[in-house]
Structures are given as C-alpha cells and as structure tokens.
Amino acid sequence: MADEEPTSIWMLPERQERSGPGRRPGYSREQITRAAVLIADAEGVEAATMRRIAGELGTGAMSLYRYVPRRDDLLDLMIDLAMSDVELPDAPSGDWRADLALLARQTRAAGLRHPWLITLLTSRPTLGPQLLRVHEFALGALDGTGLGIDDSTGLVGMLDDYTHGAIRRELGWLEEARRTGLDPERWKRDYMGPYVRRVVESGEFPLFSRSVLDSRTAHLTPEERFRHGLDRVLDAIAALIPSLRTRSAERPARPLRRS
C-alpha cells in the first residue's frame, strides 16, 4: 500500500519454508540475491527483475515476493552482497594509512567486478551487515588517532568520495571503450589526439598544454592513477589529523541530554 511505512529488509525475518514430497522448492534471500547480482553483472541492474530472476531459478515471479517484498529490498540486498567482496581483516592493524589504503583498493576491486554497485551505493541511503562491517573497519582504522567520531566520520567520507568517484570515472572509460570499440589509448591517440595537438600548437591554453606534454600522471595505467590519487588523499588525511585532534581537544564537551 502507498501509505504503508517503509521497513528495512534487515528488520524483516527471513521466511522459513519446509521442504518435502509434494511441496514447491523453497528459496532463500541469498539465492535470490545471488541470481540478481549475476544478472546485473552481465547485463546491468535494470535487467535484474523479479521475472528474470524467477526464470533463472525456475519458478514464478510472484513466489519470490514472499522472500523479497519490494524492488528496493532487492537493491539493498544486492548492494550488501556485492560489498561482501570487500576483503578485510577482522580488525584494523593499527596502521591507519595501510588499513584505509587496503579498504580503498578492495572497494575498487568490488566496484569493477560489479559495475552497477557504485552507482547504487552512492544514490541509495542504505545499510546492511556488510556495509556496516566495512564502515566499522574504516572508523576503527582511525580510532587510535585521537580524533573525535565526527572527524573520523568526515575523513572516512572524504576517502569514500575519492574512491567512489575514481571508480565511476574508470567504469565510464570502460563503458566508452565497449561502446566505441576503442581502448583508452586508441581513444586518446586517434579520436582526441588531433584536436589536442591543435590546442597545444595554438598556445591558447598553456597550462593544459603542460599537462599534456609534461605530466607523468596522464600516462599512468588506471590502477596506477587510482593509487596515485589515493596517496594524495591519504596525505591530506595525515596532514589534517593533528589539527583536527587539537581542535577536538579544545572543543567543549556536549552537555548530557536529559531524558
């Protein structure tokens, strides 16, 4: 119903069904979600409809709504399952920079493996067990730096913004290469190259020309470019920690709330 209060899928107990002779086969949220993720990886998230998932599982679409009531529920489950690919140790190592770098690299790997993930992750305010696991690890990496929780959360958000933006840009290149049949090097050389040469020869944009002629980063592989940018973000976090720690120590404590 339109006026029903939305309820997170994580608040709904999973349906348990008995199996036996004469009974229809039961399914689980995980089975349904894994089928949806496989479809989305191959054809895009819009292709992962209940009808299509049901076809893959050999059942009727309506039967799956008993396990996953809404499309939004399915998307939340898909996001969380894809985030389980972010491989992290059980606890941070104590080296915040190494821990956050590992988190960013693992997020990139998951984002490239599931090209729909980052778009959903950055457009849906969602939480689930795997997202919470990843976020807890990120906050835990900064927990020993003396920062307050607001500052730690802000720095994790800054890292996420860089990581997600870099992944989306890389996926855009890959999609353009798929669409045109040109890999990035051929695109730069054959498609944009003639125009860029004309711009450089004109002298009208000298700083852009320097970035073309002298910049090392323009010739890095996608992974090298990601790590180069990640290092700059981690350098910024390292520079911010002392001043944020001092500011947090000088900030007056919040009064306790009265019940």
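A 4.5 Å side-chain heavy-atom check between Glu170 and Arg225 finds every atom pair outside the cut-off. Here the side chains of Leu112 and Glu223 are not in contact, with every heavy-atom distance at 4.5 Å or above. Put simply, the side chain of Tyr27 reaches to within 4.5 Å of the side chain of Leu64, judged on heavy atoms.
Side-chain N or O atoms of Tyr162 include one that pairs as donor or acceptor with a backbone N or O of Phe226 at under 3.5 Å. Using modelled atom types, one side-chain atom of Ser84 and one backbone atom of Leu81 make a donor-acceptor pair closer than 3.5 Å. Here the side chain of Asp73 pairs a donor or acceptor atom with the backbone of Arg70 at under 3.5 angstrom. Remark: side-chain polar atoms of Arg34 are not paired, donor with acceptor, to backbone N or O of Met78 under 3.5 angstrom. Judged by distance alone, with hydrogens and angles left aside, the side-chain atoms of Ser202 form a donor-acceptor pair with the main-chain N or O of Val199 at under 3.5 Å. Remark: the backbone N or O of Leu131 is paired with a side-chain donor or acceptor of Asp80 at under 3.5 angstrom. Formation of a donor-acceptor pair under 3.5 Å by the Glu56 side chain with backbone atoms of Ala35 is not found in this model. Although no hydrogens or angles enter the test, the distance criterion places no donor-acceptor pair under 3.5 Å between the side chain of Asp85 and the main chain of Ala110. The backbone N or O of Leu127 sits less than 3.5 Å from a side-chain atom of Trp10, completing a donor-acceptor pair. Checked by atom type and distance alone, the side chain of Gln31 pairs as donor or acceptor with a backbone atom of Ser28 at under 3.5 Å.
Side chains of Trp116 and Asp41: a donor on one and an acceptor on the other come within 3.5 Å. In summary, the side chains of Ser211 and Ser215 do not present any donor paired with an acceptor at a separation below 3.5 Å, with no hydrogens or angles considered. No side-chain N or O of Arg168 forms a donor-acceptor pair with one of His164 less than 3.5 Å apart. There is no side-chain donor-acceptor pair under 3.5 Å between Arg71 and Thr49.
Nearest heavy atoms, Ala104 versus Leu159: CB-CD1, 4.4 Å. Across Pro242 and Ala239, no two heavy atoms sit closer than the pair CD-O, 3.5 Å. Between Ile241 and Leu147, the closest heavy-atom pair is O-CD2, 3.7 Å. Contact record, Ala236 with Met158: CB-CE, 4.5 Å, taken as the closest heavy-atom pair.
Atom CZ of Arg189 is surrounded by more than 12 heavy atoms from other residues, nucleotides or ligands within 6.0 Å.
Cluster membership check: Leu132 does not share its hydrophobic cluster with Met83, using side-chain heavy-atom separations under 4.5 Å among Ile, Leu, Val, Met, Phe, Trp and Tyr.
The residue from Ile39, Val37, Leu120, Thr119 that alone fulfils the side chain to side chain contact (heavy atoms under 4.5 Å, CB included) condition with Val45 is Leu120.
Under the 6.0 Å distance and 45° angle rule, Arg29 does not count as a cation-pi partner of Tyr67.
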